[in-house]
K.L.:
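Got a structure for you, written out below as structure tokens; questions coming shortly.
In what follows, every heavy atom counts, from backbone to side chain, and hydrogens, waters and symmetry copies are set aside. Below, read A as the first sequence line, B as the second, and so on, with proteins coming before strands; counting in each chain starts at 1.
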Number of protein chains: 2
Amino acid sequence: MKDLDTAELARLTGLPASTLRYYEEKGLIVSIGRRGLKRLFDPSVVDRLSLIALGRAAGFSLDEIGGMFAPDGGPRIDRGRLVEKAEDIDRTIGQLTAMRDGLRHAAECRAPSHMECPTFRRLMRVAAKGGLGHSRQKPQSPA
Amino acid sequence: MKDLDTAELARLTGLPASTLRYYEEKGLIVSIGRRGLKRLFDPSVVDRLSLIALGRAAGFSLDEIGGMFAPDGGPRIDRGRLVEKAEDIDRTIGQLTAMRDGLRHAAECRAPSHMECPTFRRLMRVAAKGGLGHSRQKPQSPA
DNA sequence: CTGCCACCTCAAGTCAACTTGAGGTCAAGC
DNA sequence: GCTTGACCTCAAGTTGACTTGAGGTGGCAG
């Protein structure tokens, strides 16, 4: 496959060109040269960008992801890190599950005000004590 | 119960005084007066702050939460919103579950490199297509 | 050969939810 | 009466992941 310029890579991956430049600046991807001003990328960066997307979806920061590439470009992923992250996610799932069930209950609850619903109040107390570490969910993917 | 000043409220809720001032500035809580410079809060703000914490944990923004209080201070929560949010959370749970399972598989996978593991590659593709909207989890609660 | 226009660079802006810091004030204790 | 120090105000800084904008440049169609 032929080398790709920024626009082609953007089209292939759905990422804006500005993001690709930003990733290059951060060292997450590397361009193999220029044609005039235009960057040229090896087609393998498409895979690399998928990997980056995966890391982001798993909750790793860009810096962490940067540390997961071997100098040769291949992934160098510590399996322990994956397990750890899986556990993180698992905890989050537990909290979100409690939250979801609580919200559903609150939505159906017959009590005149939420403040009089015992389930709601229990949920409130748990949240107040920080038991539900607020696990931000992003509005949505730019897609 | 006696009115509370900022320091007492901070102690009761575990929130830093700066956050309480910030919440007041945003209109999420109201102080009922001053003693000298010090704000005085009605004890009911403790409940209110719990409610705010709950909202945050459920993934609502502070602005959204601000819209959930009736002028009288009681919660005025649209049950539809709760159901919607529960569905949001449910979707997130689904994505996180896939991610967790994928990570666990990747951690155990016998393939010499992750790039050769079909499960891993499938996960990558899904993430690249944005199917896994990156649902940020915060490192942890300040607790 | 000339323009066009896509792409470039670099600095600055955005968003959310706070935190930090400098400098001010006032109720209370000695 | 004076010091102390907790609390105050207001502006600016922080973090992460980008986006935006002004101004520049060069390959290529005509």
K.L.:
Looking only at side-chain N and O atoms, does Tyr23(B) come under 4.0 Å of OP1 or OP2 in dA17(C)?
P.N.:
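So the side-chain polar atoms of Tyr23(B) never come under 4.0 Å of the phosphate oxygens OP1 or OP2 of dA17(C).
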K.L.:
Atom CD of Glu64(A) to atom P of dT15(D): distance rounded to whole Å?
P.N.:
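Nearest whole value for this atom pair: 16 Å.
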K.L.:
Who pairs with Val30(B) by side-chain contact (heavy atoms from CB on, under 4.5 Å), at least two apart in sequence or on another chain?
P.N.:
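Not a single residue meets the side-chain contact (heavy atoms from CB on, under 4.5 Å) criterion with Val30(B).
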K.L.:
So which protein nitrogen or oxygen atoms get under 3.5 Å of nucleotides 5-10 of chain D's nitrogens or oxygens?
P.N.:
residue: dC8(D); atom: OP1; partner: Thr6(B); partner atom: OG1; Å: 3.2
residue: dC8(D); atom: OP1; partner: Arg39(B); partner atom: N; Å: 3.0
residue: dC8(D); atom: OP1; partner: Arg39(B); partner atom: NH1; Å: 3.0
residue: dC8(D); atom: OP2; partner: Arg21(B); partner atom: NH1; Å: 2.5
residue: dC8(D); atom: O5'; partner: Arg39(B); partner atom: NH1; Å: 3.3
residue: dC8(D); atom: O3'; partner: Arg34(B); partner atom: NH1; Å: 3.2
residue: dT9(D); atom: OP1; partner: Arg34(B); partner atom: NH2; Å: 2.8
residue: dT9(D); atom: OP1; partner: Arg39(B); partner atom: NH2; Å: 3.4
residue: dT9(D); atom: OP2; partner: Arg39(B); partner atom: NH1; Å: 3.1
residue: dT9(D); atom: OP2; partner: Arg39(B); partner atom: NH2; Å: 2.5

K.L.:
Taking atom P of dG16(D) as reference, at what distance in whole Å does atom CG of Leu28(A) sit?
P.N.:
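Rounded to whole Å, this separation is 14 Å.
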K.L.:
Within this structure, what is the CG-to-C1' distance between Leu40(B) and dA27(C), rounded to whole angstrom?
P.N.:
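Taking CG of Leu40(B) and C1' of dA27(C), I get 13 Å after rounding.
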K.L.:
Strictly by side chain to side chain donor-acceptor pair (under 3.5 Å), give each pair with a member in residues 28-41 of chain A just once, sequence neighbours left out.
P.N.:
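Qualifying pairs, neighbours excluded: Glu24(A)-Ser31(A), Glu24(A)-Arg39(A).
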K.L.:
I'd like to check the side-chain contact (heavy atoms from CB on, under 4.5 Å) partners of Phe69(A); sequence neighbours left out, ordered by chain and number.
P.N.:
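Partners of Phe69(A) by the side-chain contact (heavy atoms from CB on, under 4.5 Å) criterion, ordered by chain and then number, come out as Arg48(A), Leu51(A), Ile52(A), Ile65(A).
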K.L.:
Measure from the side chain of Leu62(B), starting at C-beta and using heavy atoms only, and say which of dT19(D), dC18(C), dC18(D) lies closest.
P.N.:
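The nucleotide sitting nearest to the side chain is dC18(C).
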K.L.:
dT19(C) P sits how many Å from Glu25(B) CD, rounded?
P.N.:
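Rounded to whole Å, this separation is 13 Å.
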K.L.:
With a 4.0 Å limit, can you tell me whether Ser18(B) has a side-chain N or O closer than that to the phosphate oxygens OP1/OP2 of dT19(C)?
P.N.:
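Yes.
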K.L.:
Please state how far atom CZ in Arg35(A) lies from atom C1' in dG26(D), giving the value in whole angstrom units.
P.N.:
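It is 13 Å, rounded to the nearest whole Å.
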K.L.:
Remaining members of Leu40(B)'s ILVMFWY cluster at a side-chain heavy-atom cut-off under 4.5 Å?
P.N.:
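Same cluster as Leu40(B): Ile32(B).
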K.L.:
In whole angstrom, what separates Leu49(A)'s CG from dA17(D)'s C1'?
P.N.:
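Going from Leu49(A) (CG) to dA17(D) (C1'), I get 15 Å.
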K.L.:
So if you build clusters from Ile, Leu, Val, Met, Phe, Trp, Tyr with side-chain heavy-atom gaps below 4.5 Å, do Leu62(B) and Val46(B) land together?
P.N.:
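Result: yes, single cluster for both.
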K.L.:
For Arg56(B) and dA16(C), give me the distance from atom CZ to atom P, rounded to whole Å.
P.N.:
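So the CZ-P distance, Arg56(B) to dA16(C), works out to 11 Å.
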K.L.:
Please state how far atom OH in Tyr22(B) lies from atom P in dT19(C), giving the value in whole angstrom units.
P.N.:
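So the two atoms are 10 Å apart, to the nearest Å.
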K.L.:
Report the residues that fulfil side-chain contact (heavy atoms from CB on, under 4.5 Å) with Arg100(B), sequence neighbours left out, ordered by chain and then residue number.
P.N.:
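If we apply the side-chain contact (heavy atoms from CB on, under 4.5 Å) test to Arg100(B), skipping adjacent residues, the hits are Ala86(A), Ile89(A), Asp90(A), Ile93(A), Thr97(B), Arg104(B).
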